[in-house]
2 protein chains.
Amino acid sequence: MPQRAPNEPRMDDKLDLTFQALADPTRRAILSMLLEDDMAVTDVAEPFEMSLAAISKHLTILTRAGLISQEKRGRVKWCKLEPGAMKAASVWMQGFGQFEPVNLDAFETYLETLLGAEGEERETQG
Amino acid sequence: MPQRAPNEPRMDDKLDLTFQALADPTRRAILSMLLEDDMAVTDVAEPFEMSLAAISKHLTILTRAGLISQEKRGRVKWCKLEPGAMKAASVWMQGFGQFEPVNLDAFETYLETLLGAEGEERETQG
DNA sequence: CTCATATTCAACCGTTCGGTTGACGATGCC
DNA sequence: GGCATCGTCAACCGAACGGTTGAATATGAG
């Protein structure tokens with residue numbers, strides 16, 4: 001039976017952070033990028049048309065949400081996907097799933113298209 | 001093969017709306033309530049310590065996100081859970097799932113506890 | 001018709017969000 | 001040491017958020 005330590009944030013709060021982090025297309029695009037490989041902050045920022053500082057903030061938000069972790073090695077900070085938080089949110093959503101235990105199918109190709117398209121489309125959005 | 005009609009909002013935008021809608025604990029609590037049964041706006045509002053207008057706004061946001069639908073019958077407007085949007089978001093998240101195809105297990109009771117606790121805890125939060 | 005109920009609208013308010021810019025602290029390279 | 005690079009900090013900005021209140025708009029009931 002899962003039980004919170006006294007000062008650990010409530011699950012409810014964690015879901016706030018997770019969903020709020022996922023609610024931004026730039027951040028979702030970043031997650032997609034990290035799906036392929038760990039990346040340095042500068043490299044994460046490169047494809048976007050916004051300042052490095054802005055990306056740095058996004059990464060902070062993703063870290064706070066537990067969706068990624070950041071580890072400084074030398075002068076570069078590496079960003080790594082952390083699937084745990086997303087899984088927790090996913091499980092929460094399953095609670096609403098009258099929909100069957102998530103078998104992709106036709107949806108699968110749909111998904112892949114989106115994952116591919118998301119990062120690229122930022123370019124054309126201003 | 002899923003294919004957008006010309007003016008239909010992009011999937012990316014839909015995910016924005018869905019995750020943003022899910023990022024608020026009041027709205028998640030509302031969804032939990034609707035899991036048990038369809039409800040009128042006034043009845044949805046009853047357990048919360050905020051104005052009816054505020055709840056009405058939350059319901060609008062949930063509707064825009066496609067997470068619920070609202071149907072007016074007589075003078076009351078009935079709110080109904082719509083699992084489609086949540087499923088879409090869930091599927092999107094599965095794309096990040098190195099984690100296995102979501103079999104609940106020990107997690108299941110965890111979840112139920114949370115679903116139960118969420119609505120009630122609002123009372124004590126001010 | 002009159003009154004009560006159900007719900008939204010409109011204006012307002014303080015806070016948070018997503019972005020910018022410029023300065024700054026660390027770190028690696030020559 | 002001196003310089004470039006990596007990344008964050010701080011202050012600022014406009015827009016969106018989450019809430020309030022009071023008035024307005026259906027609709028149903030007597």
Side-chain angles (χ1 to χ4, degrees), chain A residues 12-13 15-31 33-34 38-65 67-80 118 121-126, chain B residues 9 12-13 15-31 33-34 38-65 67-80 118 121-123 125-126:
Chain A
D12 207 37
D13 301 336
L15 287 177
D16 281 12
L17 291 177
T18 306
F19 285 128
Q20 188 251 342
L22 290 175
D24 183 277
T26 301
R27 289 192 291 262
R28 288 199 307 278
I30 291 174
L31 291 173
M33 293 165 59
L34 292 177
D38 299 359
M39 297 178 78
V41 173
T42 307
D43 296 332
V44 169
E46 196 269 333
F48 298 96
E49 281 175 349
M50 69 182 73
S51 70
L52 183 60
I55 296 293
S56 179
K57 282 191 193 177
H58 280 306
L59 291 171
T60 301
I61 289 171
L62 288 169
T63 302
R64 244 186 30 195
L67 289 162
I68 68 170
S69 60
Q70 294 182 280
E71 182 196 357
K72 190 164 182 180
R73 275 206 300 273
R75 71 177 157 173
V76 355
K77 205 167 185 176
W78 292 90
C79 305
K80 180 174 182 297
E118 199 151 66
E121 291 185 4
R122 303 298 305 157
E123 312 276 17
T124 70
Q125 279 185 24
Chain B
D12 207 36
D13 301 335
L15 287 176
D16 282 11
L17 291 177
T18 305
F19 285 127
Q20 188 253 343
L22 290 174
D24 183 277
T26 301
R27 287 191 292 262
R28 288 199 306 278
I30 291 175
L31 291 174
M33 293 166 58
L34 292 177
D38 299 1
M39 296 178 79
V41 173
T42 306
D43 295 332
V44 169
E46 196 271 333
F48 298 97
E49 280 175 349
M50 70 183 71
S51 69
L52 184 60
I55 296 294
S56 179
K57 281 191 192 177
H58 280 306
L59 291 171
T60 301
I61 289 170
L62 288 170
T63 302
R64 245 185 32 197
L67 289 162
I68 68 170
S69 60
Q70 293 181 283
E71 182 197 357
K72 191 165 182 180
R73 275 205 301 275
R75 70 181 157 173
V76 344
K77 206 167 184 177
W78 292 90
C79 305
K80 179 175 184 294
E118 199 151 69
E121 290 185 4
R122 304 300 305 154
E123 313 278 19
Q125 277 184 29

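The structure presented is a predicted model; accordingly, all values stated were derived computationally and were not measured. So that the names make sense, note that chain A is the first sequence line, chain B the second, and so on, each numbered from 1.
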Tell me the interatomic distance from [X], atom [atom1], to [N], atom [atom2], rounded to whole angstroms.
X       : N      : atom1 : atom2 : result
A:Ile55 : C:dG19 : CD1   : P     : 8 Å
B:Glu71 : C:dT7  : CD    : P     : 13 Å
B:Glu49 : D:dG18 : CD    : C1'   : 16 Å
A:Asp16 : D:dG18 : CG    : P     : 10 Å
B:Met50 : C:dG14 : CE    : C1'   : 16 Å
A:Phe48 : C:dG18 : CZ    : C1'   : 14 Å
B:Arg27 : D:dG18 : CZ    : C1'   : 8 Å
A:Arg28 : C:dG18 : CZ    : C1'   : 15 Å

| request: Identify, with sequence neighbours excluded, every residue that meets salt bridge (charged side-chain N to carboxylate O under 4.0 Å, His left out) alongside B:Lys80. | output: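 Salt bridge (charged side-chain N to carboxylate O under 4.0 Å, His left out) list for B:Lys80, sorted by chain: B:Glu82.
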
| Residue pair B:Ile61, B:Gln20: steps toward the side-chain contact (heavy atoms from CB on, under 4.5 Å) verdict | CA-CA 9 Å; B:Ile61 289 170; B:Gln20 188 253 343; 4.2 Å; yes

| A:Val76 and A:Asp43: side-chain contact (heavy atoms from CB on, under 4.5 Å), yes or no, with the steps? | CA-CA 10 Å; A:Val76 355; A:Asp43 296 332; over 6 Å; no

| message | Against A:Cys79, only a single residue in A:Ile30, A:Leu31, A:Leu34 fulfils side-chain contact (heavy atoms from CB on, under 4.5 Å); can you say which? | response |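 That would be A:Leu34; it is the only one of A:Ile30, A:Leu31, A:Leu34 passing the side-chain contact (heavy atoms from CB on, under 4.5 Å) with A:Cys79.
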
| task | First locate atom OG1 of B:Thr18, then atom CG of A:Leu22, and finally report the distance between them rounded to the nearest 0.5 Å. | result |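 So the OG1 of B:Thr18 and the CG of A:Leu22 are separated by 11.0 Å.
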
| said: To the closest 0.5 Å, what do you measure between CD1 (A:Ile55) and OG1 (A:Thr60)? | reply: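 Atom-to-atom, A:Ile55:CD1 and A:Thr60:OG1 are 11.0 Å apart.
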
| query | Any side-chain N or O of B:Ser56 less than 4.0 Å from the OP1 or OP2 oxygen of C:dT8? | reply |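 Indeed, a polar side-chain atom of B:Ser56 lies that close.
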
| So, is B:Lys57 near the phosphate of C:dC9, with a side-chain N or O under 4.0 Å from OP1 or OP2? |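 B:Lys57 to C:dC9 OP1/OP2: no side-chain N or O under 4.0 Å.
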
| request: Could you run through nucleotides 21-30 of chain D and give me one letter per nucleotide, 5' to 3': B if any protein heavy atom sits under 4.0 Å from the base, S if only the sugar-phosphate is that close, - if neither? | output: B-----BS--

| DNA chain D: A:Trp78 or B:His58, which has the more 5' nearest nucleotide? |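 Result of the comparison: A:Trp78.
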
| Comparing B:Leu59 and A:Ile61 on DNA chain C - which has the more 5′ nearest nucleotide |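 Mapping each residue to its closest nucleotide by heavy atoms, the 5'-most match is B:Leu59.
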
| task | Begin with the C-alpha distance, continue with both residues' side-chain angles, and end with the deciding distance and a verdict on side-chain contact (heavy atoms from CB on, under 4.5 Å) for B:Phe48 and B:His58. | result | CA-CA 12 Å; B:Phe48 298 97; B:His58 280 306; over 6 Å; no

